[in-house]
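I have placed the structure first, in the form of structure tokens, so that the comments after it can refer back to it.
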Amino acid sequence: MSPKKRARGSKSTEHSAKDDEGETVSSVKETVGRKRKAAASVEAGKKESTESSSPPQYCHWLMKSEPESRFENGIDMKFGIEDLKGLPNQTGCWDGVRNYQARNFMRQMKEGQLAFFYHSNCKEPGIAGIMTIVKEAYVDHTQFDKKDVHYDAKSKPDNPKWSMVDVQYQRMMNRYISLSELKKYHLQHRAKGGPLKDMALFTRARLSVQPLTSVEFDFVLSLEDQEAL
DNA sequence: GCCAACGTTGGC
DNA sequence: GCCAACGTTGGC
């Protein structure tokens, strides 16, 4: 099982040495863009952590993948939630992530945590269901596979650059939560305050693996049993 | 270490 | 298919 996630990131992205290692530094950086500095983690405003010196510890995630066929170098990138559900044990590895920020978030994931399966680059983008992290970050083998779309010639086995986690399908959302609906809440909350005002899906739109605070996660879950906005 | 050029993401 | 946003690269 080696689902082909779209896992956007630039495949040939190199990086600067500092981004490469220095996990903690990078994770701070990623929440804030170019500003690193201790203050950054506070600025990131993503709580859940209490310590001033350690980066915020998230425990909920949103991971994007494309549910519709799209060919890249002759390979179909399609991997929707139904595809995950169809794998043995409904479990697969989230390979192909080639973006440092997304990678670093995956490295922060802990076994048992929940992640929304988000359908991107399709007719109606949105949150389709929920999955569980069943294996914490380990080496993404596709970086060494020349035939893989996400092959990275610069990464060496003795010092792998990319990681992946294993995820297991948990359940579908009671109803599909579209991006457009989430956006309405986001705009509303941004104007008057509310749980989704800083949601990464909008503030860091292009990140394929992103964190959610407990408040954000719970709010999205609460939408399931309500009428679409 | 700045920043312009370039490439990718992904909604529309 | 367009293109804005933004991450990455590489010249200086």
Side-chain angles (χ1 to χ4, degrees), chain A residues 3-23 25-37 40 43-44 46 55 61-81 83 94-107 115-128 140 142-143 148-155 160-164 176-190 196-212 220 228-229:
Chain A
K4 297 302 185 215
K5 237 109 293 99
R6 207 291 180 63
R8 286 52 179 30
S10 16
K11 69 196 62 212
S12 48
T13 90
E14 222 359 67
H15 66 282
S16 32
K18 55 200 184 217
D19 282 327
D20 203 1
E21 307 311 345
E23 318 309 303
V25 172
S26 322
S27 54
V28 164
K29 175 189 183 190
E30 72 206 11
T31 32
V32 201
R34 35 207 65 74
K35 260 117 200 186
R36 24 184 77 221
K37 283 333 184 209
E43 212 286 298
K46 265 72 191 257
W61 314 93
L62 179 147
M63 302 168 87
K64 303 178 181 177
S65 188
E66 304 182 27
E68 295 172 6
S69 286
R70 188 181 60 81
F71 292 84
E72 197 171 305
N73 299 342
I75 296 168
D76 193 354
M77 294 294 109
K78 171 181 173 348
F79 188 77
I81 194 165
D83 296 301
W94 207 266
D95 59 20
V97 170
R98 296 292 181 271
N99 169 282
Y100 290 101
Q101 298 170 176
R103 177 202 70 176
N104 291 341
F105 278 131
M106 285 204 294
R107 289 182 176 180
F116 284 129
F117 193 123
Y118 178 88
H119 279 173
S120 67
N121 208 24
C122 56
K123 284 297 144 42
E124 186 170 40
I127 295 173
D140 177 345
T142 65
Q143 66 197 299
D148 196 280
V149 179
H150 303 288
Y151 171 64
D152 182 351
K154 309 251 183 66
S155 185
K161 290 166 55 178
W162 310 108
S163 304
M164 63 184 181
Y176 190 77
I177 309 294
S178 72
L179 173 66
S180 63
E181 177 174 358
L182 290 168
K183 191 171 209 164
K184 288 177 193 166
Y185 280 110
H186 168 64
L187 293 174
Q188 202 171 284
H189 294 180
R190 205 178 54 182
L196 302 193
K197 72 173 157 44
D198 296 319
M199 193 182 191
L201 190 56
F202 305 102
T203 60
R204 324 220 24 223
R206 297 172 34 189
L207 244 199
S208 66
V209 174
Q210 43 183 263
L212 279 86
V220 173
L229 185 67

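All values derive from a computational prediction rather than experimental measurement. To find a chain, count down the sequence lines: A is the first, B the second, and so on, and within it residues start at 1.
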Q.
Could you tell me how far apart A:Asn121 (CG) and B:dC12 (C1') are, to the nearest whole angstrom?
A. 11 Å
Q: Using whole Å, report how far CD of A:Glu124 lies from P of B:dG10.
A: 17 Å
Q: Taking only the side-chain nitrogens and oxygens of A:Tyr118, find out if one of them lies under 4.0 Å from OP1 or OP2 of B:dT9.
A: no
Q.
Which heavy atom of A:Gly96 sits nearest to which heavy atom of A:His150, and what is that distance?
A. O-ND1, 3.4 Å
Q: Could you check A:Trp61 against A:Phe117 for ring-ring contact (aromatic ring centres under 6.0 Å, His included), going step by step and ending with a plain yes or no?
A: CA-CA 9 Å; A:Trp61 314 93; A:Phe117 193 123; over 10 Å; no
Q) To the side chain of A:Asn99, which of C:dT8, B:dG10, B:dC12 is closest? A) C:dT8
Please enumerate all protein N or O atoms sitting under 3.5 Å from an N or O of nucleotides 3-5 of chain C, with distances to 0.1 Å.
residue: C:dA5; atom: N3; partner: A:Arg206; partner atom: NH1; Å: 2.7

Q. Using a cut-off of less than 4.0 Å, is there contact between a side-chain N or O of A:Lys183 and OP1 or OP2 of B:dG10?
A. no
Q: May I have the distance from A:Leu201 (atom CG) to B:dT9 (atom P), rounded to whole angstrom?
A: 16 Å
**Q.** side chain to side chain donor-acceptor pair (under 3.5 Å) contacts touching residues 177-188 of chain A (sequence neighbours left out)
**A.** A:Arg175-A:Glu181, A:Ser178-A:Ser180
Q.
Just the rounded figure in Å: distance from P of C:dG1 to CZ of A:Arg70.
A. 14 Å
(Q) Please determine whether a side-chain nitrogen of the Lys or Arg among A:Arg70 and A:Glu68 lies less than 4.0 Å from a carboxylate oxygen of the Asp or Glu. (A) no
Q | Distance-minimising heavy-atom pair for A:Ala102 and A:Leu207 | A | N-CD2, 3.7 Å
Q. In whole Å, what is the span from the CG atom of A:Leu207 to the C1' atom of C:dT8?
A. 14 Å
Q | Atom pair distance, as rounded to whole Å: CG in A:Asn104 and C1' in C:dG7 | A | 14 Å
Q. Roughly, in whole Å, what's the span from CG in A:Leu179 to C1' in B:dT9?
A. 13 Å
Q. Within this structure, what is the CD-to-P distance between A:Glu68 and B:dG10, rounded to whole angstrom?
A. 14 Å
Q. Which is true for A:Lys123 with a 4.0 Å heavy-atom rule: it touches a base, it touches only sugar-phosphate, or it touches nothing?
A. nothing
Q) Which part of the nucleic acid, if any, lies within reach of A:Phe202 when heavy atoms closer than 4.0 Å are counted: base, sugar-phosphate only, or nothing? A) nothing
**Q.** A:Asn99 side chain to A:Gln101 backbone, donor-acceptor under 3.5 Å
**A.** yes
Q | Ion pair check, A:Asp152 and A:Arg98, cut-off under 4.0 Å | A | no
